[in-house]
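All figures in this text were calculated on a predicted structure; none of them were measured in a lab. Each chain gets a letter, A, B and so on, in the order its sequence line appears, and its residues count up from 1.
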Amino acid sequence: MTPMATPADPTRTAHLTDDRPVIEVEHLSRRYRDTTALDDVSLTVQPDTITGLLGRNGAGKSTLMKVLTGQELASAGSVRVFGQSPLEHDSVLRRVVFIKEGQVYPDISVRRALEAASWCCPGWDHDLARELVADFDLPLRRPIKKLSRGMHSAVGIIIGLAARAELTFFDEPYLGLDAVARHVFYDRLLADYAEHPRTVVLSTHLIDEVANLLEQVVVIDRGRIVLSGAADELREHAVSVAGSSRAVTEFTTGRTVWRTGSLAGQTVSTVAGPFTDLDEARAAAAGLRLAPVSLQELVVAATGRRRDAAAELSA
Amino acid sequence: MNATGATRIPTVDRPILRQESTVPGTSLTSRPARPRSAMRANVFNVVRMHLVDRYGYTFLPWGILALVFGLTYAIFAVVHPPSYEDSATGGLSTMFIFLTVIGIQTATRTLPFAMSLGISRRSYFLGTWLLGVVLSAVFAVLVAVLAEIEMTTRGWGVNLRFFAIPWLLDGPWYQNLATSFILLMLFMAAGMWSGLIHQRWGVPGNVVFLAGWAVLAAAAILVITWRGWWGDIWRFLAEADMIGVIGVFALLALGALTGTYLTIRRIVV
């Protein structure tokens, strides 16, 4: 964003000079009686980005989102959203929408739910909501409690997108949605984001599906952030090496190997970087093929059994 | 993004991408915050949100009450009890049960929806009780009017005692109005409180909550028996001008509302 973008609107210019991150979390912990859902989490999210919050079940993704939206209370640490604590602050919360898996609705029809949502979201776009209803083929008159699981999820997705909130959280929003509908969601999210940039935080298991959507990635495991950064930067931190087992072993000696698989004298290993031009030349000379790893592999490596792999990334 | 955790990877600002995607004036991160108006707007949004299901709040309770009344009327028309004074029915309790159910629903169904849309617990409480007070007032007026008609006609022509519940709602109209208003609020608050407990601590929490009240009631009975206060209490209930009784109900309602507020402030959805 450039400060001279819109001199016509004084409030906007005033806001631009204040170039704060949308989300600032410092040393946040959330402990329950016998578990620690969040353990000393610190992160910032810049405005107008799409961030993927990735991790295994029970890693703390939902708890983090709930704390960020003032729905859950922090045990320790500080949380700032738009520079203020989100807890019980209507002026902050009004700029936020949070759609989660299995969202609970009152006993009303789809149409009424969308109508109610439109009152509460200052940026609501009725046209977009209509288009999305058509895209997802949603029966407007049907009571929400009579919808199938996928359609139930679609209601949340429509609200989350049409709200056009400055800060949008989606927590596993597509339970029961088929692949086609999921792609409608991705396409719509990306298209609307391009036209109306805003800050989106999306948690999901389907990492490969959303990999191209994400600009920033935060990987959380057992309540701690194990990996975070720009999506394409992160991917450069590891590489998959394929070739004869002997050559691969030689190349990977002294490096952190995340996973490795061999078959008939051939080996594929995922190894941590950094890689210099010399390394690449060496690999080429040994007849090895280097390929970037997928985000999913990266997350699996960071949260899987080889937990030390993630720590090695920063080394 | 930058994490100070197990891993630290340099924060990468992406000016190029943001310039591409930011058409001037379209970014949503531009609205200034106005705390008071945001809260006021949300309080009214909560009222509207409840009234989306307006039949559930208006025609449904009165429709069911009318049905119960009609059935009781038919029975009384056939049986025709000899005197109005000695007849009694419990039909009006549907009204109070209804307010309890409404209270429960505001806690378990509408609250999670409202909070997902960025409404604070405080605004939700205020909006819900703005509606609760109006709803109780309107219902109380209807109950008081119908009780008045009932007492004037001495049982709708069939000795049916339905609205003017003995001792509770058979006083002067203003007294009936106040009693029913406060009782309706009390039942709704009890429902909402219990619904919130359920939302926060589940079924076990609610069992403990309700059992706690039962234990408290039992303890009160024990103390009263031990101290030999029953005589005084019956005398108070029998003689006391209704103002005292209304005062007791009002205290109970206030207590339930306070408990509801303190609970909602701790609620997690």
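The part of A:Ile159 that comes within reach of chain B is its side chain, from C-beta onward, which places non-hydrogen atoms under 4.5 angstrom from that chain. Contact of A:Ala163 with chain B is not made at all, since no heavy-atom distance falls under 4.5 Å. Contacts between B:Leu111 and chain A at a heavy-atom distance below 4.5 Å are absent for every atom of the residue. Within the 4.5 angstrom heavy-atom criterion, only side-chain atoms of A:Cys121, from C-beta onward, approach chain B. Interface remark: A:Leu167 contributes no atoms to any contact with chain B (heavy atom separation under 4.5 Å). A:Val96 touches chain B through its backbone: at least one of N, CA, C or O sits under 4.5 Å from a heavy atom, while the side chain does not. Looking at B:Thr108, the atoms closer than 4.5 Å to chain A (heavy atoms on both sides) all sit in the backbone: N, CA, C or O.
In this structure, CZ on B:Arg109 lies 8.0 Å from NZ on A:Lys145, to the nearest 0.5 angstrom. Here the straight-line distance linking atom OG of B:Ser116 with atom OH of A:Tyr105 works out to 6.5 Å at 0.5 Å rounding. The distance from the OG atom of B:Ser120 to the CG atom of A:Leu93 is 6.5 Å, given to the nearest 0.5 Å.
Put simply, the side chain of B:Arg122 gets close to the backbone of A:Glu88: a donor and an acceptor are under 3.5 Å apart. Formation of a donor-acceptor pair under 3.5 Å by the B:Asp53 side chain with backbone atoms of A:Ile108 is not found in this model. Side chain of B:Arg121 to backbone of A:Gln71: a donor-acceptor contact under 3.5 angstrom is found.
Note: A:Glu72 leads A:Glu115, A:Glu72, A:Lys66 in heavy-atom pairs under 4.5 Å with chain B. Heavy-atom pairs under 4.5 Å with chain B were tallied for A:Leu73, A:Val25, A:Thr69; the largest tally goes to A:Leu73. The choice from B:Met115, B:Arg266, B:Met49 that makes the most heavy-atom pairs within less than 4.5 Å of chain A is B:Met115.
In this structure, B:Pro112 and A:Gln103 approach most closely via the heavy-atom pair O-NE2, 3.3 Å. Of all heavy-atom pairs spanning B:Leu117 and A:Ala117, the tightest one is CD1-CA, 3.7 Å. Minimum heavy-atom separation, A:Ala113 to B:Phe113: O-CZ, 3.6 Å. Closest approach of A:Asp90 and B:Gly118 over heavy atoms only: OD1-O, 4.4 Å.
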Inset, instruction - Show the numbers, then the answer: is there a side-chain contact (heavy atoms from CB on, under 4.5 Å) between A:Leu87 and B:Arg265? - result: CA-CA 10 Å; A:Leu87 196 64; B:Arg265 293 291 299 218; over 6 Å; no

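Sparse packing is recorded around CH2 of B:Trp213, with 12 or fewer heavy atoms of other residues, nucleotides or ligands lying under 6.0 Å away.
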